[in-house]
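These notes are about the structure you will find just below.
Note: hydrogens, waters and symmetry copies are ignored here, and every other heavy atom, side chains too, is used. Order of appearance sets the numbers: ligands from 1, and atoms from 1 within every ligand.
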Amino acid sequence: MIVSTTELFRHAYGKYALGAYNINNAEQTMGLFQGCMDSQAPFMIQISKGARSYTDKRMLEAMIRAADEIFPDAIFAVHLDHGDEEACMDCIESGFYSSVMIDASHEPFDRNVEITKRVVDAAHARNIVVEAELGQLGGVEEDISVSEEDANLTNPEEAEQFVKATGCDSLACAIGTSHGAYKFTGSQGLHFEVIEEIQKRLPGFPLVMHGSSSVPHDEVERINAAGGALKDAKGVDEKQFAPAAKMGVTKVNIDTDGRLVWCRVHREEFRDDPSNFDLRKPGKVFMAEYAKYIAHKNKVLGSEGKLAEVRAILNK
Ligand code: G3H
Ligand code: 13P
Ligand code: ZN
């Protein structure tokens with residue numbers, strides 16, 4: 001059942017984080033729903049601008065509607081990931097999305113406020129909530145690439161001003177992570193001091209962590225052993241999710257890890273069975289492996305087992 005992002009956030013805030021997982025195709029969608037049912041977790045399903053144009057936005061929406069029928073006990077919100085103003089307006093008007101993200105974080109502060117405020121006004125008029133972004137993560141997303149030198153952590157004082165000026169409902173903050181598989185070298189990790197300071201200034205306000213994939217070492221090793229050429233990739237330490245959630249990080253965005261599972265399964269399948277040309281064989285393995293991965297992720301995020309409570313507060 002598709003529910004409001006606000007309700008999911010209200011239940012999770014300060015206790016656990018909701019996994020926000022990107023989908024692009026039917027196999028990811030099936031694996032995601034199966035994994036969330038296996039772990040009895042509420043979740044966010046997110047669609048990026050790139051995903052909307054990979055096949056067709058109507059294809060993704062139809063897949064989500066179908067998955068909702070196939071898994072009638074699932075409770076989730078549908079979210080636009082990294083939208084520009086045009087994509088946000090389109091999603092708001094479609095009536096299908098629970099929430100949208102306007103990402104104008106590459107713009108100067110005042111212009112970010114101006115664009116975000118326009119989206120917030122349009123979204124709130126339709127009862128849709130808005131995630132905005134302030135600060136810049138490193139890495140690559142869509143057609144925007146931010147070098148490590150240009151990436152900068154969110155300034156807590158600006159975060160307070162930004163939220164008050166725009167009326168946005170949650171904020172994606174740059175707290176040391178980056179998009180993609182190459183996040184950290186050495187022992188870097190999350191900047192808890194930034195999260196703490198933002199929460200002090202904005203008590204009760206949900207924060208969002210982007211670039212949250214953990215890039216499991218064994219996954220990278222298996223990909224490389226099956227012909228891949230990933231460099232020394234490193235992601236977010238899973239032990240950091242629980243303390244971040246207690247400090248108000250309510251939504252944790254994960255995409256790259258799912259792509260790694262896909263890559264490992266397909267490389268191994270074709271290496272081990274070179275005469276196979278049936279897409280359904282690796283596809284089946286991927287759906288099962290992805291479901292397992294999602295269930296594990298929900299466990300470390302703390303959303304595992306929360307479905308019954310969420311259903312009770314929603315009275316469904
Ligand atoms: O943050 C970006 C997400 O991983 C989505 O990636 O824009 O390639 O679909 P994408
Ligand atoms: P990862 O690249 O770490 O999976 O981050 C995904 C993300 O932030 C989607 O918005
Ligand atoms: Zn992101």
Side-chain angles (χ1 to χ4, degrees), residues 5 17-25 28-29 31-32 43-57 59-60 63 77-84 86-88 91 97 99-106 130-146 148 151 154 170-184 188-190 206-217 219-220 230-231 233-238 240-241 244 249-264 290 293-294 296-298 300-301:
T5 299
L18 291 151
Y21 304 103
N22 292 67
I23 58 146
N24 292 271
N25 64 15
Q28 276 182 312
T29 309
L32 171 57
F43 64 104
M44 307 269 306
I45 189 162
Q46 42 185 29
I47 302 178
S48 72
K49 226 162 65 89
R52 278 160 60 85
S53 57
Y54 169 54
T55 47
D56 187 292
K57 61 184 180 184
M59 183 64 82
L60 290 179
M63 279 186 324
V78 181
H79 180 77
L80 168 70
D81 188 31
H82 291 286
D84 56 16
E86 192 189 344
C88 284
C91 291
Y97 289 73
S99 46
V100 294
M101 175 192 191
I102 172 69
D103 181 359
S105 60
H106 48 283
V130 178
E131 173 185 330
E133 178 165 337
L134 185 68
Q136 279 199 278
L137 277 75
V140 182
E141 77 200 35
E142 196 78 29
D143 42 6
I144 298 172
S145 168
V146 181
E148 290 312 312
T154 303
S170 63
L171 187 67
C173 305
I175 49 177
T177 64
S178 57
H179 289 107
Y182 307 102
K183 300 185 195 299
F184 302 121
Q188 300 129 315
L190 302 185
L207 304 179
V208 178
M209 180 155 84
H210 282 246
S212 316
S213 280
S214 295
V215 194
H217 187 62
E219 206 70 85
V220 173
L230 299 184
K231 289 179 290 178
K234 203 166 167 215
V236 177
D237 181 346
E238 291 183 335
Q240 299 205 310
F241 291 136
V249 173
T250 311
K251 171 172 175 275
V252 164
N253 285 18
I254 297 172
D255 184 10
T256 295
D257 281 352
R259 298 179 186 205
L260 292 174
V261 175
W262 180 91
C263 180
R264 181 256 298 171
Y290 192 44
Y293 185 77
I294 291 285
H296 161 75
K297 221 63 224 186
N298 291 337
V300 293
L301 292 172

Could you tell me whether N24 and ligand 1 have an N or O pair separated by under 3.5 Å? no

Side-chain touch V249/V208, heavy atoms, less than 4.5 angstrom: no

Find all atoms of ligand 1 within a distance of less than 4.0 Å from any non-hydrogen atom belonging to H82, and give their numbers and elements. 1 (O), 2 (C)

Within less than 4.0 angstrom of ligand 1, does R259 place any heavy atom? yes

Run the side-chain contact (heavy atoms from CB on, under 4.5 Å) check on L134 and S105 step by step: do they pass? CA-CA 5 Å; L134 185 68; S105 60; over 6 Å; no

Just let me know how N22 lines up against ligand 2, side chain, backbone, both or neither, with a heavy-atom cut-off below 4.0 Å. side chain

So is K183 in contact with ligand 2, going by heavy-atom distances below 4.0 Å? yes

Proximity of D81 to ligand 2 by residue part, where a heavy atom lies under 4.0 Å: side chain

A side-chain contact here means heavy atoms from C-beta on lying under 4.5 Å apart; do V236 and F241 qualify? yes

If we count only N and O atoms by modelled type, under 3.5 Å, do the side chains of E133 and H210 hold a donor and an acceptor together? no

Is T256 touching ligand 1 with its side chain, its backbone, both, or neither, if touching means heavy atoms under 4.0 Å apart? neither

With atoms numbered from 1 as shown, which atoms in ligand 2 lie under 4.0 angstrom from a non-hydrogen atom of N253? 5 (O), 6 (C), 7 (C), 8 (O), 9 (C), 10 (O)

Could you tell me which atoms of ligand 1, counted from 1 in the order shown, lie closer than 4.0 angstrom to a heavy atom of N22? 3 (C), 5 (C)

Only heavy atoms of S48, strictly under 4.0 Å: list the atoms of ligand 1 that pass. 5 (C), 7 (O), 9 (O), 10 (P)

Side-chain heavy-atom pair T256, H179 within 4.5 angstrom cut-off: no

Side-chain heavy-atom pair Y21, D255 within 4.5 angstrom cut-off: no

Where ligand 2 meets G180 - atom numbers and elements under 4.0 angstrom, heavy-atom basis: 2 (O)

Ligand 1 to H179 polar contact by distance, N or O atoms, under 3.5 Å: yes

Just which atoms of ligand 2 are under 4.0 Å from any heavy atom in H82? 10 (O)

Numbered in order shown, the ligand 1 atoms found under 4.0 Å of a heavy atom of D255 are 3 (C), 4 (O), 5 (C), 6 (O)

Answer key: the N, O or S atom of H82 nearest to the Zn ion (ligand 3) is NE2

Judging by distance only, is a nitrogen or oxygen of G211 under 3.5 angstrom from one on ligand 2? yes

Only N/O/S atoms count here: what is the atom of H210 closest to the Zn ion (ligand 3) called? ND1

Begin from the C-alpha positions of V215 and V220 and carry the test side-chain contact (heavy atoms from CB on, under 4.5 Å) through to its verdict. CA-CA 7 Å; V215 194; V220 173; 3.8 Å; yes

Note: ligand 2 atoms sitting under 4.0 Å from heavy atoms of I254 are 4 (O)

Does an N or O anywhere in T256 fall below 3.5 Å from an N or O of ligand 2? yes

Ignoring hydrogens and angles, state whether a donor on the side chain of H79 or E131 is under 3.5 Å from an acceptor on the partner side chain. yes

Using a 4.5 Å cut-off on heavy atoms from C-beta on, say whether the side chain of Q46 contacts that of K251. yes

Would you check, one step at a time, whether the test side-chain contact (heavy atoms from CB on, under 4.5 Å) holds for Y54 with L60? CA-CA 9 Å; Y54 169 54; L60 290 179; over 6 Å; no

Which of the numbered atoms in ligand 2 are below 4.0 angstrom from a heavy atom of D255? 4 (O), 6 (C)

Does the pair M209 and T177 meet the rule for a side-chain contact (heavy atoms from CB on, under 4.5 Å), with working shown? CA-CA 8 Å; M209 180 155 84; T177 64; 4.3 Å; yes

Applying a 4.0 Å heavy-atom criterion (strictly less than), which segment of S212 is in contact with ligand 2: side chain, backbone, both, or neither? backbone

Do K297 and S214 pair up side chain to side chain, a donor and an acceptor below 3.5 Å, judged on atom types alone? yes

Does H210 reach ligand 1 with a nitrogen or oxygen that is under 3.5 Å from one of the ligand's nitrogen or oxygen atoms? no

Show the atoms of ligand 2 that are less than 4.0 angstrom away from any heavy atom in H210. 8 (O), 10 (O)

Is there a side-chain contact between D84 and D103 in this structure, where contact means two heavy atoms from C-beta onward sitting under 4.5 Å apart? no

Could you verify whether a donor N or O on one side chain and an acceptor N or O on the other, from Y293 and N298, lie under 3.5 Å apart? no

